[in-house]
Protein chains: 2
Amino acid sequence: MATIRELARRSGVSVATVSRVFNTPEVVSQHTRQRILDLAAEIGYLPNGSARTLATKKSNMVGLVWDTDHRRPGWRHPFLQEILVALKTALSAHGLNLLMLAGHDAAGPDDGQRYVRAVRQHNLDGAVIIDNGTRDPAVLALVEAQVPCVALDLRVDGPTSTYITSDNAGGAALAVRHLVERGHRRIATITGPLRTWPGAERLVGFRAALAGAGLQLADGHVVEGDFYLDGGHAAMDRLLALDDRPTAVFVAGDEMAVGAMRAAQAAGLRIPDDIAIVGFDDIEVAALIPPGLSTVAQNKPGFGTAAAEALVAMLHGGDDPPKPTVLPTTLVVRGTT
Amino acid sequence: MATIRELARRSGVSVATVSRVFNTPEVVSQHTRQRILDLAAEIGYLPNGSARTLATKKSNMVGLVWDTDHRRPGWRHPFLQEILVALKTALSAHGLNLLMLAGHDAAGPDDGQRYVRAVRQHNLDGAVIIDNGTRDPAVLALVEAQVPCVALDLRVDGPTSTYITSDNAGGAALAVRHLVERGHRRIATITGPLRTWPGAERLVGFRAALAGAGLQLADGHVVEGDFYLDGGHAAMDRLLALDDRPTAVFVAGDEMAVGAMRAAQAAGLRIPDDIAIVGFDDIEVAALIPPGLSTVAQNKPGFGTAAAEALVAMLHGGDDPPKPTVLPTTLVVRGTT
DNA sequence: GCCGACAATGTAACCGGTTTCAGGTAACCG
DNA sequence: CGGTTACCTGAAACCGGTTACATTGTCGGC
């Protein structure tokens with residue numbers, strides 16, 4: 001393994017000069033620079049990342065906090081894969097790597113400082129937080145420790161942190177307006193967990209849009225779900241048991257919407273004739289399941305790229321507190337409406 | 001930021017002793033050890049990972065090679081999320097972290113050495129390769145460079161590398177036998193890309209099982225697909241255009257199977273009465289799409305845990321070449337058969 | 001009472017870079 | 001021709017750990 005001293009010796013310069021070739025190339029003369037670069041390529045020299053990190057305290061790595069909730073074994077993010085692809089691509093375009101941080105599953109004590117510890121131990125430059133749905137104290141510790149952070153779908157801010165989210169309220173409004181246009185008057189909703197940011201916001205948007213259309217929200221027409229399929233099914237069952245059963249339901253998550261569709265079908269209802277459904281997320285199944293789930297689509301890669309941009313801005317950029325990014329949503333009309 | 005010298009000074013011992021407390025605790029006296037640990041907790045001392053890596057050349061990090069194929073923007077692994085969860089959990093139980101390595105998307109030259117470079121630069125202890133479907137030369141460079149590697153669904157082996165795969169041939173055989181039991185005699189298959197390991201093996205298993213059942217494989221009853229939905233659709237169209245149309249199709253991937261179902265339905269065929277379909281993978285949609293896709297299920301978390309085990313065995317274990325892991329598959333019968 | 005073994009700790013070199021500061025050379029100016 | 005100045009390079013301290021080797025002290029055996 002070639003080291004910098006080896007390379008310096010061979011090319012007859014000092015280690016300082018070699019170091020400069022890789023860090024501030026403009027200060028070393030064209031001639032020596034080229035000679036060193038050629039030789040470096042020849043002997044296969046690569047600057048050692050650990051040494052560099054040790055000296056500079058910058059690792060060019062950001063942590064990925066994605067806590068696979070131990071209380072909920074089947075926990076899945078609706079479109080983790082798309083986010084990850086976009087995030088990784090955008091980060092590596094800036095020379096940043098992504099380190100997956102261990103969550104609850106990690107060995108060692110858990111005093112709520114586990115992410116902070118990991119960040120300090122590895123000299124991470126920042127962190128991306130993919131919401132686990134709850135305000136994990138360990139996550140909050142991260143932003144309190146002034147680690148540059150960008151959270152997805154979790155509302156955190158401060159001098160060194162910001163968040164990316166879809167226009168949840170606006171998306172919900174899109175859904176409602178669409179249903180109203182289709183002639184529905186009795187519109188219910190199955191929400192996400194209301195302690196989560198998207199869960200809460202989509203309900204806010206729903207209510208506002210309903211009011212905007214001059215419609216009343218009937219008793220029992222708001223049922224809190226859990227973003228999972230079975231939860232959606234159960235919630236729909238409750239709606240269908242009502243005396244003034246709604247003719248349309250805005251379901252705040254596609255997975256729940258699929259469950260809701262099943263519940264409706266199990267109750268012998270035809271979709272969309274007897275009951276219309278609009279989901280949120282636009283996950284893969286939405287297009288596949290007959291008759292096709294109308295839904296509010298999120299800009300999935302947008303989460304990843306926006307997160308990368310925001311993080312880079314905080315790392316390289318000035319001191320002005322970063323602005324949250326709100327990604328626009330779009331309505332996708334399929335067969336359920 | 002407390003350093004080891006600071007901690008040493010405060011507790012009145014040498015840095016060597018402090019270091020030993022964290023690395024070989026048994027050699028330092030109970031009394032001093034406790035005193036140092038207490039003080040460490042008090043001042044919040046954490047060993048610096050970079051310094052440690054620099055000195056020991058072990059980083060306790062493994063690279064994740066997951067090349068999001070730039071030639072195929074929509075490239076998705078059928079169950080990346082499940083693998084990732086299991087992998088991360090299993091690795092962190094051994095104190096290992098996962099670093100996502102940049103692929104084609106990275107800046108800099110691409111001479112096929114990009115992963116090797118990344119590994120050397122960060123002193124990675126090993127790598128997990130999530131197959132991109134092709135034998136990427138950059139991946140092969142990794143195993144040639146004697147980096148401890150474990151590949152998923154990609155057959156690589158050598159003194160420092162091994163792979164994890166499902167029993168693809170066996171799974172295909174399960175599917176065929178199931179169809180035979182249902183009374184089918186004219187069984188066709190839509191394969192994955194035959195240059196991929198799972199694509200090839202599933203075809204092998206298919207052929208063997210057919211022969212084992214004493215059945216002939218008719219001309220044109222093997223159509224190569226691409227693991228994507230549209231490819232499955234197109235392949236099914238070709239099968240349905242045949243004179244001796246099959247009564248059952250083994251589709252070597254669920255995503256393709258969904259496409260195939262659509263093609264069949266578009267052609268006015270009833271499933272499973274006019275044509276039966278068995279998929280492979282057991283992705284989420286399989287259970288959701290009516291009438292429910294019968295399929296060969298893979299042990300998804302198994303990939304992650306097995307990969308972690310294999311890697312740990314190579315890192316800590318002896319020099320005996322690691323054994324590949326073949327995960328059993330199971331048949332899940334739903335409505336398409 | 002001396003010696004060897006052993007347990008606990010310290011000293012200092014080393015891992016492979018970065019960076020401050022200073023030195024040398026050549027060009028330029030008055 | 002002396003003095004700036006700009007440009008390029010080198011010497012050496014430093015980042016925060018690990019570890020080979022040396023040292024000290026205790027104790028048991030003979």
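Quick note on labels: first sequence line is chain A, next is B, and so on, each numbered from 1. Values below: every heavy atom of this structure, side chains too, minus hydrogens, waters and symmetry copies. A quick note: this is a predicted structure, and the numbers were derived from the prediction, not measured.
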Would you say [X] places a side-chain N or O within less than 4.0 Å of OP1 or OP2 belonging to [N]?
X: A:R5; N: C:dG16; answer: no
X: B:N48; N: D:dG17; answer: no
X: B:T3; N: D:dG16; answer: no

On DNA chain D, check which nucleotide each of A:E26 and A:V15 is closest to and give me the residue with the more 5' one.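 Nearest-nucleotide comparison on DNA chain D picks A:E26.
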I want to verify a distance call: between [options], whose nearest atom is closest to the [X] side chain?
X: A:V13; options: C:dG17, D:dG10, C:dC15; value: D:dG10
X: B:L54; options: C:dG17, D:dG16, C:dC21; value: D:dG16
X: A:K57; options: D:dC15, C:dG17, D:dA11; value: D:dC15
X: B:A16; options: D:dT18, C:dA12, C:dT18; value: C:dA12

Which is it for B:T53 and B:N123 under the side chain to side chain donor-acceptor pair (under 3.5 Å) test, yes or no, and what are the steps along the way? CA-CA 7 Å; B:T53 298; B:N123 294 102; over 6 Å; no
Report the distance from atom CD of B:E144 to atom CD of B:Q113, rounding to the nearest 0.5 Å.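 Reported value, rounded in 0.5 Å steps: 8.5 Å.
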Hey, are B:D157 and B:T162 close enough side-chain-wise for a donor-acceptor pair under 3.5 Å?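 Absent: no donor and acceptor within the cut-off.
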Would the distance check show the side chain of A:R35 and the main-chain N or O of A:S11 forming a donor-acceptor pair, the cut-off being under 3.5 Å?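 Such a contact is found between A:R35 side chain and A:S11 backbone.
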